[in-house]
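Order of listing sets the numbers, starting from 1, for every ligand and every atom in it. Side-chain atoms are counted along with the backbone in the values below, which use heavy atoms only and exclude waters and symmetry mates.
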Amino acid sequence: MAAVHLDGKACAKALEAGLLERIKACSVQPHLAVIIVGDDPASHVYVTNKVKACQRLGIKSTHVELSSDVSEAELISLVEQMNNDNTLHGLLIQSPLPDHIDEEAITDLINPAKDVDGFHPANLGRLVQGRTDGMLPCTPSGVMEMLRWSGVELSGKKAVVVGRSRIVGMPQALLLAAKGADATVTIVHSRTADAKMECLTADVLVAAVGRPEMIKADWVKPGAVVIDVGINRVDDPTRERGWRLAGDVDPSVTEVASLLSPVPGGVGPMTIAMLLANTITAAERQH
Ligand code: GUN
């Protein structure tokens, strides 16, 4: 039997209703700045979607596009200027940055109060401490929200996260294991001895590895909840544009899982909803 789709779009829409109320009650219009460096087409699509979502809810946004040969010093100077600009509440620098820029060093510079991505060491450190009331990384917190919204019980369940990135995998594992969620968590990564065997133990499987359709049906325990964080472009000569979007999870998993998040329309809209939520929180706390 086919798995039920975990509808990220519907969940994000439900969240947005609450966000609109918070914007109305906020003494200032929340204002997000988004910086993108270079011309990676996928990153431009993500940033455009973030800016459009701000417009939809009435959040002010400033979108800065820098050329791929911008110097690290110039980017540092812009971040410092935005940190000191009291009219800006949130600051996001789209990842990845070009190789000549030290992404971690730039992240370290962002004022933690404006760090709507939740990537600053102060915010990730709070998460490690189990303090989940701060700026949480948007994709993993969106996954948690989607699981809550669908009534998935995590306490005492076995969760497996495939991938250990600072953007998704690692914070996802922390959130699943945090008090209140209470899952027992395994992280699968490129050096894991038997990734398939680990995945087969999962009641909840989160795939965040960036490898198209890596998770096959025979990697998944029957009835498991599967969350697909992957958004990969794969060549497809049958499409007019020559490519299609593929998740990290093979479509055949729908025959085994109980719930499966689709790509697109699953985690993507939730990431944006959580970014909007963090921006509103930042504005509320700064005023
Ligand atoms: N690149 C892919 N996902 C993200 C994200 O959530 N935030 C930023 N800043 N860059 C990304």
Just the distances, no angles: every ligand 1 N or O to protein N or O pair closer than 3.5 Å, one line each.
from: ligand 1; atom 1: 1 (N); to: Gln94; atom 2: NE2; distance (Å): 3.2
from: ligand 1; atom 1: 1 (N); to: Ser95; atom 2: O; distance (Å): 2.9
from: ligand 1; atom 1: 7 (N); to: Asp117; atom 2: OD1; distance (Å): 2.9
from: ligand 1; atom 1: 7 (N); to: Asp117; atom 2: OD2; distance (Å): 3.4
from: ligand 1; atom 1: 9 (N); to: Ile93; atom 2: O; distance (Å): 2.9
from: ligand 1; atom 1: 9 (N); to: Asp117; atom 2: OD2; distance (Å): 2.5
from: ligand 1; atom 1: 10 (N); to: Ser95; atom 2: N; distance (Å): 2.9

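Checked against side chain to side chain donor-acceptor pair (under 3.5 Å), Lys24 has the following partners two or more places apart in sequence or in another chain: Glu21.
The hydrophobic cluster around Ile187 extends to Met170, counting ILVMFWY residues whose side-chain heavy atoms fall within less than 4.5 Å of a member. Summarising the hydrophobic clusters (Ile, Leu, Val, Met, Phe, Trp, Tyr; side-chain heavy atoms under 4.5 Å, direct or chained), the residues clustered with Trp149 are none.
Between Arg244 and Glu213, at least one side-chain nitrogen of the basic residue sits less than 4.0 Å from a carboxylate oxygen of the acidic one, meeting the salt-bridge criterion.
Between Ile93 and Ile36 the shortest side-chain heavy-atom distance does not fall below 4.5 Å. Residues Val185 and Val161 meet the side-chain proximity criterion, which asks for heavy atoms closer than 4.5 Å.
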